[in-house]
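See below for the structure under consideration.
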Amino acid sequence: MDKEKIVLIDGHSIMSRAFYGVPELTNSEGLHTNAVYGFLNIMFKILEEEQADHVAVAFDRKEPTFRHKMFEPYKGTRKPMPEELHEQVDLMKEVLGAMEVPILTLAGYEADDILGTVAKESQAKGVEVVVVSGDRDLLQLADEHIKIRIPKTSRGGTEIKDYYPEDVKNEYHVTPTEFIDMKALMGDSSDNIPGVPSIGEKTAAAIIEAYGSIENAYAHIEEIKPPRAKKSLEENYSLAQLSKELATININCGIEFSYDDAKADNLYTPAAYQYMKRLEFKSLLSRFSDTPVESPSAEAHFQMVTDFGEAEAIFAACKAGAKIGLELVTLDHELTAMALCTGEEATYCFVPQGFMRAEYLVEKARDLCRSCERVSVLKLKPLLPFLKAESDSPLFDASVAGYLLNPLKDTYDYDDLARDYLGMTVPSRADLLGKQTIKKALESDEKKAFTCICYMGYIAFMSADRLTEELKKAEMYSLFTDIEMPLIYSLFHMEQVGIKAERERLKEYGDRLKVQIVALEQKIYEETGETFNINSPKQLGEVLFDHMKLPNGKKTKSGYSTAADVLDKLAPDYPVVQMILDYRQLTKLNSTYAEGLAVYIGPDERIHGTFNQTITATGRISSTEPNLQNIPVRMELGREIRKIFVPEDGCVFIDADYSQIELRVLAHMSGDERLIGAYRHADDIHAITASEVFHTPLDEVTPLQRRNAKAVNFGIVYGISSFGLSEGLSISRKEATEYINKYFETYPGVKEFLDRLVADAKETGYAVSMFGRRRPVPELKSTNFMQRSFGERVAMNSPIQGTAADIMKIAMIRVDRALKAKGLKSRIVLQVHDELLIETQKDEVEAVKALLVDEMKHAADLSVSLEVEANVGDSWFDAK
DNA sequence: GCGATCACG
DNA sequence: ACGTACGTGATCGCT
């Protein structure tokens with residue numbers, strides 16, 4: 001190791017960032033934990049990136065500081081803290097204490113002063129320093145060996161901006177020391193000093209760049225331009241000086257600091273592990289992998305069954321009408337183990353051996369599904385090949401129930417259910433087995449594997465009553481029993497059937513693409529004059545905007561943006577840009593589709609993808625391995641891929657699409673008379689919207705008017721905002737606002753409806769679909785404008801998208817059942833949100849088409865009709 | 001493992 | 001002033 005490194009963290013500032021950046025989070029004790037969670041994530045991330053040897057956290061104290069003596073009304077630079085944040089500060093200190101991270105505070109000084117003092121002292125000792133804060137005032141500390149890191153919370157996570165002196169210079173055109181002068185000149189709005197000059201950032205930077213300090217600028221007051229800035233500085237000079245003094249960090253505050261106490265090599269103490277568990281920071285727990293896990297009391301009643309006779313007795317004791325929990329652990333179409341829970345104190349683990357064969361156990365599981373009143377399992381769909389049950393069986397899927405109760409979670413594993421619905425902290429599968437399969441673990445670590453298997457059955461059993469109760473309380477029980485549970489079977493059928501894909505034809509398609517890719521690649525190298533990886537946005541950005549100096553290399557984050565919308569603007573003037581866009585399209589089609597799909601074509605010439613029911617926030621299903629819901633259609637070349645999706649010999653495809661289902665749902669849910677009237681028999685919804693909004697006869701609507709109306713319709717469904725619409729139409733925000741106002745004038749019922757959705761969601765905390773599906777919207781409580789606005793759009797969009805999803809689910813279930821009930825051989829092969837694709841024997845095409853359209857049209861009774869377009873074809877391409 | 005990009009509704 | 005359209009998943013480059 002070459003040089004010692006220390007990370008110094010501004011405690012309150014990072015906690016605030018985390019508090020406003022991380023969605024609301026509470027553990028089962030009801031403790032707010034989002035700020036602590038966010039803080040720890042930032043801290044761990046930085047410690048890992050920096051590979052630091054030392055770490056310490058500085059906090060402000062309650063007592064007045066030297067700044068109060070300088071200036072009576074000084075209240076510090078922070079706004080009063082919300083209670084939910086305040087209560088997390090002590091918790092944070094406890095957690096840091098448990099990790100043995102020193103907490104630095106000093107009476108009379110703020111955290112900034114402590115950070116400054118320790119940072120400068122460390123640098124003097126030859127230590128490399130990293131200061132982490134959300135407060136830009138800290139930039140004044142940036143130095144040759146002092147890096148300032150400022151996390152920015154953005155949706156999806158945090159990104160961190162780093163500042164050495166040259167970075168400060170690059171962004172603000174001033175040195176770190178001058179930075180305070182610049183801020184003082186601007187009159188930082190977060191300061192509590194009234195009347196400090198209001199000079200903009202650009203002007204302030206220019207003045208300080210020229211004069212170096214406010215004092216020197218004042219000395220040359222007559223030269224200061226523009227006049228407004230001159231006047232402002234004249235009038236407020238003393239206040240600006242004071243502001244500068246207050247913002248200047250004291251780098252000699254006399255804090256005592258011990259490097260030995262601040263070692264960063266062992267944060268993962270048992271005490272800290274206990275905190276992670278109590279606070280339910282699951283993702284952080286994995287960092288503590290060596291820490292032992294204690295066994296909760298439930299495990300006392302877990303039993304291993306190895307004997308056939310014993311098993312017989314247990315199954316016999318499981319009376320008709322019982323409620324049980326069941327889990328089948330399977331691998332490669334074979335049963336590895338089975339768990340059965342018949343009561344709180346009776347959980348059994350069966351591992352096939354001797355006379356107790358796998359087939360026997362599966363047979364018993366099937367019997368139980370016929371005799372019991374309720375069989376609850378963690379995840380039903382993967383068990384159906386074994387259980388061979390249909391939707392009339394008493395099965396209960398705990399993960400689907402958990403999903404309905406909170407669709408925002410990533411996982412619905414047994415430990416999640418135990419925590420959320422039983423208030424139990426139990427070891428997760430990863431805690432017990434790591435990444436091993438259960439089969440492997442049964443050989444290497446039988447006790448833990450047994451415990452894991454038993455928990456699956458136990459929690460499936462124990463959570464079912466609570467989940468049922470919660471579903472009823474939330475008025476989602478019929479959504480669960482009438483839609484989500486039956487849907488599991490329909491999705492299973494669809495996966496089993498799969499879709500036929502022509503391997504050879506796909507390969508030919510890929511080969512055609514590859515020829516074009518190679519040719520285009522060469523042309524791009526010629527045009528740009530260099531050989532580089534066109535697929536690397538980083539390299540591409542450098543070539544286009546640095547080397548070739550193409551204009552407006554704007555939109556930066558980690559370099560230049562080379563996204564399609566940026567390149568589109570350059571394409572007319574620079575042929576190479578168009579080539580790059582074409583290259584992108586070709587490589588996308590090749591890697592994701594031509595080569596990507598080929599992997600999934602099975603020995604039966606079919607692709608059996610997975611349709612996930614517990615992923616989306618709104619109630620849609622999602623598709624993975626492969627994703628069959630994003631097969632190209634918009635571009636002609638991409639659309640060709642659909643030719644490889646074909647029906648079985650002797651069959652054809654019927655493709656049926658809902659026409660504008662979301663807008664029809666909007667018309668119905670809002671009850672807006674005019675919109676309902678417009679959609680009653682309209683076949684071109686966007687044109688009719690244009691006609692009404694722009695007061696133009698329908699047959700005189702121009703293509704532009706229609707395009708605008710279409711964008712507004714999209715905007716309404718997405719949760720309207722003038723900014724978003726202006727982006728979508730590349731018009732000014734003012735124009736966008738006018739369109740929106742016109743729309744709302746035309747359809748006042750829609751405005752009322754959307755306002756009500758937001759108000760209701762603010763009150764209850766969740767958005768609700770027509771069928772009672774809920775989506776929590778914690779962002780609505782955020783004090784952060786951006787987050788709150790997002791919450792408002794979500795509150796408007798979720799009920800609409802969710803209702804459309806509900807309707808499609810109902811249609812799917814009914815179509816699936818009707819096909820079976822009528823003895824037809826047709827099967828659903830795909831669902832793409834508003835589209836169903838059916839593989840049909842040629843002799844039943846007309847009957848099936850009629851059935852399909854009828855079930856889709858009448859899946860819900862709305863005040864506008866649901867229109868369905870259906871086409872027949874010999875491939876997916878042709879049936880569209 | 002994450003961001004950028006792009007495919008779909 | 002702040003800075004985005006809603007919902008997904010796969011692939012690639014990069015660290």
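Just so it is clear, the model here is predicted, and its values are computed rather than measured. First the proteins, then the strands, lettered A, B, ... as listed; each starts at 1.
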Closest nucleotide among dT4(C), dC6(B), dG9(B) to the K588(A) side chain: dC6(B)
Per I615(A) side chain, nearest of listed nucleotides dG9(C), dC14(C), dG7(C): dG9(C)
No-hydrogen, no-angle side-chain donor-acceptor test under 3.5 Å, D135(A) and S13(A): no
M808(A) CE - dG7(C) C1' separation (whole Å): 15 Å
Neighbour count above 12 (heavy atom, 6.0 Å) for E738(A) CD: yes
Face-to-face stacking of F723(A) with dT4(C), centres under 5.5 angstrom, angle under 30°: yes
Per D834(A) side chain, nearest of listed nucleotides dG9(C), dG9(B), dT11(C): dG9(B)
N533(A) side-chain N/O to dG13(C) phosphate OP1/OP2 under 4.0 Å: yes
Pair Y743(A) and Y739(A), ring centroids less than 6.0 Å apart: no
dG7(C) OP1/OP2 closer than 4.0 Å to side-chain N/O of S798(A): no
Parallel, tilted or perpendicular, as decided by the 30° and 60° cut-offs, for the rings of F714(A) and H686(A): parallel
Rounded distance (Å) that lies between atom C1' of dC8(B) and atom NZ of K880(A): 10 Å
Candidates dC8(B), dC12(C), dC6(C) - which lies nearest the side chain of Y718(A): dC6(C)
Selection from dG13(C), dT11(C), dG9(B) that lies nearest to any side-chain heavy atom of N535(A): dG13(C)
Proximal nucleotide (of dG3(C), dC6(B), dT8(C)) relative to the S622(A) side chain: dT8(C)
Nucleotide nearest K538(A) (side chain, heavy atoms from C-beta), chosen from dC6(C), dT15(C), dG9(C): dT15(C)
OP1 or OP2 of dG7(C) under 4.0 Å from side-chain N/O of Q629(A): no
Rounded interatomic separation in angstrom, taking CD1 from I621(A) and C1' from dC8(B): 13 Å
Proximal nucleotide (of dC6(C), dG9(C), dA7(B)) relative to the Q801(A) side chain: dC6(C)
Per F785(A) side chain, nearest of listed nucleotides dA4(B), dG7(C), dC2(C): dC2(C)
With L837(A), the side chain to side chain contact (heavy atoms under 4.5 Å, CB included) member among D657(A), I828(A), D655(A): D655(A)
Under 3.5 Å donor-acceptor pair, R584(A) side-chain atoms to dT5(B) base atoms: no
For dT5(B), the Watson-Crick or wobble partner whose two distances fall under 3.5 Å: dA10(C)
Base dG9(B) paired with R634(A) side chain (donor-acceptor, <3.5 Å): yes
Phosphate OP1/OP2 of dC6(C): any R793(A) side-chain N/O under 4.0 Å: yes
Any side-chain donor near an acceptor of the partner, E779(A) and S782(A), under 3.5 Å: no
Side-chain N or O of T587(A) closer than 4.0 Å to phosphate OP1/OP2 of dT11(C): no
Phosphate OP1/OP2 of dA7(B): any R639(A) side-chain N/O under 4.0 Å: no
